[in-house]
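Have a look at the structure below, then the notes.
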Amino acid sequence: MKKNRKHIVLLTPLFTYFTFFFFAPMFVLFVYSFWLKTSTGLVPTFTLHNYLYIFSRKLYPITILRSLRIGIITALICVLISYPVAFSLTFKYKKLQDFVLYLILVSLFSSYLVRVYAWKTILGSNGFINQILRYLGLIKEPLTFLLFSPTAIIITLVFILTPFTILPIFSSMQNISVDLIEAARDLGANKLQTFYKIVLPLSIPGVITGFIFSFTISTGDYVTPQLVGGTEGLMVGRIVQDQFGMTYNWPFGSALAYFMIFLLILLINVFIWITTILKLRRKY
Amino acid sequence: MRLKKGARFGVLDVITIIILLYLLFPLAVIVLYSFNPTSSLKFPLEGFTTRWYTEVVKDKNFIASLRHSVYVALAVSAISVVLGTLASFALTRYDFKFKNIVSFSVIIPITLPAIILGISLLSFFAAIDFKRSLLTVIFGHCIFCIPFAVLVMNSRLSGFDISVEEAAKDLGATTLQTFRYVTFPIIRPSIIGVMMLTFALSFDEFLVTFFIIGKRNTLPIEIWGMLRRGVSPTINSIATMVLFFSMALIIIANKYAKIRTLR
């Protein structure tokens, strides 16, 4: 490591760019959240009205809670099903590793809209599952409850985000040396102990990264609830979008966005705290 | 599947295979239906046709939006690779105050929901009265592509042996020559990988674009319009083409830079 001022020169382009197109926009959004929307237009002022307005109607808290619930369930399922895949990829399928990773990357990088749409065609009343069930003679009338429900949203989001959680967990497992595991076994630890004392704590950073990604993306998603959620699956992304697209109440939309950021940060810290409490993670 | 010596086929393997099938089955359904002759989604298929593909290729809106998407993605990958690589050099080679905060603030954009990036850019462009167009889309895409560029470059540069550069300098090479003949050839694979990855990310982006697009559509916006209009068999063929296109990009990207080490 060298010590001089070159790093400032190297970082300047990125931070200039970020200042213009990330920090400034986030600041503008923050300022908007204290403005007021009246019938004549936006009034620059400083008021907490927009934040309080979130609690004025039942619809908003209910939708926010639903979004968070869907986000948490999705993220937990993602982490739970990614873990065994990452584990077997690291410790079992050494030879097939590259091939299986390609399969995961293909899923990750195939169009996001198309992947949501795929589940619409699978779950719909004329969709793949109903067609197969009818073909097999198991049902006469199509099952309509499959599509347009929070469950459909979760199935779709888990499908979309699992590759996103497999990669960080897999990559944190790469750092676990086989020697360490063998040492533990030599010292008399059984399989479960080795897993709980060595593999799990060392892979927890990947689990946390995966959880954060899948939780924030799913909670704030707009496309999935729109295509497969129906009326029961209204999520906060739609309400935010409405403020910017339909009703032009930008201040309220901005307040809602910042309130969501606040809740996301809070819940992510709770999750990290839980992993520490369970002694899954070592304090650094 | 061939397993490691001594490992038995067990519950873990069954779970892994089921999860992989869950990840791939929907894509297979899309590809399958893209060759379905009728517009209703019947199972089993009633035949085989490439009709939807020829229909798509003749569609002017599709071709125009495809062109716009490629144009945006090329610009985004060029900007991201330059800014990302420079920043990555700073983060992997130098020690400085607040390094943790700096590395963290570089990746904040990808930890936020895309809709928030979208509305913040929309508010910003409205506030400074900047007309929305493909240019604003390029500006927006770079915000989440640069963090990925930095992450991938970091994984390459953190394992870079600086002594080869020092050797070049000892032998009389200038800074520029050292970069041109020593550093660049070593990091070139990662640079190509980053360009492919950011191209793919930009090419597929919908939600940020949705808020900051002007009159000219990108491909995902065009697809969204079709999805809103209802289930059309041409969507399946577009989806299949996009699928194979991104697959090619990713395979090339992964060949050059191990993007799977992404964290």
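The sequence lines fix the lettering, A, B, ..., with proteins before strands; numbering per chain opens at 1.
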Sort [X] into side chain, backbone, both or neither according to what part of it lies under 4.5 angstrom from a heavy atom of chain B.
X        : result
A:Tyr32  : side chain
A:Leu264 : side chain
A:Val158 : both
A:Ile160 : neither

Worksheet item: Between B:Phe25 and A:Phe128, is the gap from one ring center to the other below 6.0 Å?
Response: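 Yes, close enough.
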Interchain contact, [X] with chain A, by part (heavy-atom threshold 4.5 Å):
X        : value
B:Thr85  : neither
B:Ala114 : neither
B:Leu121 : both
B:Phe244 : neither
B:Ile19  : side chain

So which heavy atom on [X] is nearest to which on [Y], and how close?
X        : Y        : value
A:Leu14  : B:Ala87  : CD1-CB, 3.4 Å
B:Ser120 : A:Pro25  : O-CB, 3.4 Å
B:Leu12  : A:Phe87  : CD2-CD2, 3.6 Å
B:Asp13  : A:Tyr93  : OD1-OH, 2.7 Å
B:Asp204 : A:Ser110 : OD2-O, 4.1 Å
A:Met26  : B:Leu112 : CE-CD1, 3.9 Å

Practice prompt. Can you label the angle between the B:Phe148 ring and the A:Phe164 ring as parallel, tilted or perpendicular, going by 30° and 60°?
Written response: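 It falls in the tilted class, 30° to 60°.
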Worksheet item: How are the rings of B:Tyr94 and A:His7 set relative to one another: parallel (under 30°), tilted (30 to 60°) or perpendicular (over 60°)?
Response: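 Judged by the thresholds at 30° and 60°, the geometry between B:Tyr94 and A:His7 is tilted.
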Would you mind telling me which of [options] has the largest number of heavy-atom pairs within less than 4.5 Å of chain A?
options                      : result
B:Ile146, B:Leu249, B:Val150 : B:Ile146
B:Val11, B:Leu122, B:Thr111  : B:Leu122
B:Val29, B:Ile119, B:Val102  : B:Ile119
B:Ile128, B:Ile18, B:Leu83   : B:Leu83
B:Ser88, B:Ser105, B:Ala200  : B:Ser105

Do [X] and [Y] have side chains that approach each other closer than 4.5 Å (heavy atoms only, starting at C-beta)?
X        : Y        : answer
A:Gln241 : B:Phe210 : yes
A:Phe27  : B:Phe124 : no
B:Trp224 : A:Gln226 : yes
A:Phe21  : B:Cys142 : no
A:Leu11  : B:Phe89  : no
A:Phe15  : B:Val106 : yes
B:Phe206 : A:Ser111 : no
A:Phe18  : B:Pro147 : yes

Under a 4.5 Å heavy-atom cutoff, which of [options] has the most pairs with chain B?
options                            : value
A:Ile212, A:Val223, A:Ile104       : A:Val223
A:Tyr112, A:Tyr258, A:Phe215       : A:Tyr112
A:Ile155, A:Leu29, A:Ile8, A:Val28 : A:Leu29
A:Ile217, A:Ile122, A:Leu103       : A:Ile122

Would you compute the distance between atom [atom1] of [X] and atom [atom2] of [Y] and round it to the nearest 0.5 angstrom?
X        : Y        : atom1 : atom2 : result
A:Asp221 : B:Ile115 : CG    : CD1   : 8.5 Å
B:Arg228 : A:Leu227 : CZ    : CG    : 7.5 Å
A:Ser82  : B:Leu23  : OG    : CG    : 8.0 Å
B:Ile15  : A:Ile81  : CD1   : CD1   : 10.5 Å

Discussion item. For B:Phe160, I'd like to know if atom CZ has over 12 heavy atoms of other residues, nucleotides or ligands within 6.0 Å.
Written reply: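 Atom CZ in B:Phe160 is crowded, with more than 12 foreign heavy atoms closer than 6.0 Å.
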Practice prompt. Go through B:Ile223 and A:Tyr117 one step at a time and tell me if the side chain to side chain contact (heavy atoms under 4.5 Å, CB included) criterion holds.
Written response: CA-CA 10 Å; B:Ile223 295 177; A:Tyr117 164 73; over 6 Å; no
Worksheet item: Do any N or O atoms from the side chain of A:Tyr222 and from the backbone of B:Leu207 form a donor-acceptor pair under 3.5 angstrom?
Response: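 No.
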Worksheet item: Is there a donor-acceptor contact under 3.5 Å from the side chain of A:Tyr17 to the main chain of B:Ser80?
Response: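 No.
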Discussion item. Would B:Leu243 and A:Val114 count as a side chain to side chain contact (heavy atoms under 4.5 Å, CB included) here? Give the steps.
Written reply: CA-CA 9 Å; B:Leu243 179 68; A:Val114 166; over 6 Å; no
